[in-house]
Amino acid sequence: MKKKTQLIHGGIPNDPHTGAVSVPIYQVSTYKQESVGNFKGYEYSRSGNPTRHALEELIKDLEGGKAGFAFGSGMAAITAVMMLFDSGDHVVLTDDVYGGTYRVMTKVLNRLGIESTFVDSSSMENIKKAIKPNTKALYIETPTNPLLKITDIKKAAALAKSHNLLTIVDNTFSTPYWQNPINQGADIVLHSATKYLGGHSDVVAGLVVVNSEKLAEELFFVQNSTGGVLGPQDSWLLIRGIKTLGLRMEEHEKNTRKIVEFLSTHPKVNKIYYPGLESHPNHEIAKQQASGFGGMVSFDVGSEENADRLLEGTKYFTLAESLGAVESLISVPARMTHASIPSDRRLELGITDGLVRISVGLEDAEDLIEDLNTALSK
Ligand SMILES: *Cc1c(COP(=O)(O)O)cnc(C)c1O
């Protein structure tokens with residue numbers, strides 16, 4: 001089955017009970033048992049709900065794994081995955097991971113004894129150096145947010161495997177439409193489904209796919225024990241969003257190429273971060289491991305004042321956190337998504353005050369370019 005077909009026919013495409021072509025929203029918490037322990041697959045909606053189950057089967061198929069899990073947010077998904085580890089375990093992570101990931105590792109999970117080290121994972125040497133006797137996993141984000149750095153998934157997963165570590169990939173930016181980390185050796189793939197998978201700025205959700213029965217059993221135990229599950233209404237919204245993921249990603253990509261071309265020639269734009277640019281240091285790896293480069297671009301306009309002028313001047317690029325929706329969004333990572341990272345560490349990473357991030361939406365590219373051009377000229 002090709003990708004666009006799988007988005008529509010993967011998982012459980014029709015309701016097995018009624019034949020409804022759209023899986024219904026099973027707004028229910030508990031299920032009748034014929035006799036004690038004798039029920040039709042569902043006993044209580046924290047443990048399982050038919051709408052959520054349809055979504056979990058769909059993301060499992062899309063990522064090519066053994067089981068899927070839906071959570072109330074991307075952070076709930078990430079936290080549940082980290083609950084696979086014990087006090088005293090150590091995780092190596094990409095240095096410019098999502099700000100919330102950095103925060104939960106360094107302010108919450110550290111209190112439970114889960115240690116973390118952050119390295120530039122585009123270098124295998126850096127990863128190797130960070131591995132300790134108690135390291136249990138390598139957690140990578142590729143491309144990263146907001147600097148669009150690329151890690152070679154195959155090489156990183158092979159390195160992790162040779163040290164008996166699990167490889168976990170946050171695939172939010174690429175989506176399963178462009179990139180399938182499990183096919184490249186990853187053990188666990190996760191998503192903030194709030195972004196491209198939902199795609200319409202109307203749902204907060206997280207998804208995880210694991211590649212073995214053992215991990216499936218362990219993660220189900222965590223999901224059911226800690227309870228951060230996604231509700232049926234939001235599960236339905238995600239299934240609906242995913243049906244058009246292919247069309248949306250193709251259009252995001254087309255618009256982004258045009259915008260990057262425009263930005264490349266603009267005198268007020270200093271540096272552009274986009275893996276689709278041949279000048280990107282890991283352009284070749286990005287091209288090999290993903291079939292598209294996505295709709296996220298960051299660029300430096302030199303100062304906080306210049307960034308503010310740009311943000312205030314755009315009409316179609318809405319100033320907002322988040323990304324991956326039909327609407328184009330613009331943000332300054334230093335003061336928004338990455339504000340929870342201390343300023344000296346931010347500068348170390350290259351997240352300057354003049355760095356602007358855009359999430360290119362599905363408006364007409366000509367309008368978007370004119371919008372940026374007008375705002376940059378102010
Ligand atoms: C948004 C985001 C998250 C967190 O997801 P929420 O749904 O906001 O909890 C994690 N990783 C990446 C890459 C993100 O962009």
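Atoms within each ligand, like the ligands themselves, are counted from 1 in listed order.
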Quiz item: cation-pi between Lys195 and Tyr98, 6.0 Å / 45°:
yes
Need the ligand 1 atom indices (1-based, order shown) with element for anything under 4.0 Å from a heavy-atom of Glu141.
13 (C)
To the nearest 0.1 Å, how far is atom 4 (C) of ligand 1 from its closest protein heavy atom, and which atom is that?
Tyr98 CE2, 3.3 Å
Are any of the N or O atoms of Phe173 closer than 3.5 Å to those of ligand 1?
no
Hey, are His163 and Thr135 close enough side-chain-wise for a donor-acceptor pair under 3.5 Å?
no
Atom indices of ligand 1 within 4.0 angstrom of Ala205 heavy atoms, with elements
7 (O)
Residue portion contacting ligand 1 (non-hydrogen atoms closer than 4.0 Å) for Ser322:
neither
N or O pair under 3.5 Å between Met75 and ligand 1
yes
Taking the six-membered ring for Trp, are His266 and Phe299 ring centroids under 6.0 Å apart?
no
Test side chain to side chain donor-acceptor pair (under 3.5 Å), reference Tyr26, set Asn49, Asp15, Thr51, output is Asp15
Ligand 1 to Gly74, heavy atom cutoff 4.0 Å, flagged ligand atoms 5 (O), 6 (P), 7 (O), 9 (O)
Tell me the nearest of Glu321, Met296, Lys195 to atom 15 (O) of ligand 1, using heavy-atom distances.
Lys195
With a 6.0 Å cut-off (strictly less than), is the heavy-atom count around CD of Glu217, excluding the residue itself, greater than 12?
no
Geometric N/O contact Asp170 with ligand 1, under 3.5 angstrom:
yes
Any chain of hydrophobic side-chain contacts (each under 4.5 Å) joining Leu215 to Val91?
yes
Between the side chains of Asn306 and Lys378, does any donor sit under 3.5 Å from an acceptor?
no
Could you list which atoms of ligand 1 come closer than 4.0 Å to a heavy atom of Ser73?
7 (O), 9 (O)
Protein heavy-atom partner closest to atom 5 (O) of ligand 1 - residue, atom, separation in Å:
Ser192 OG, 3.0 Å
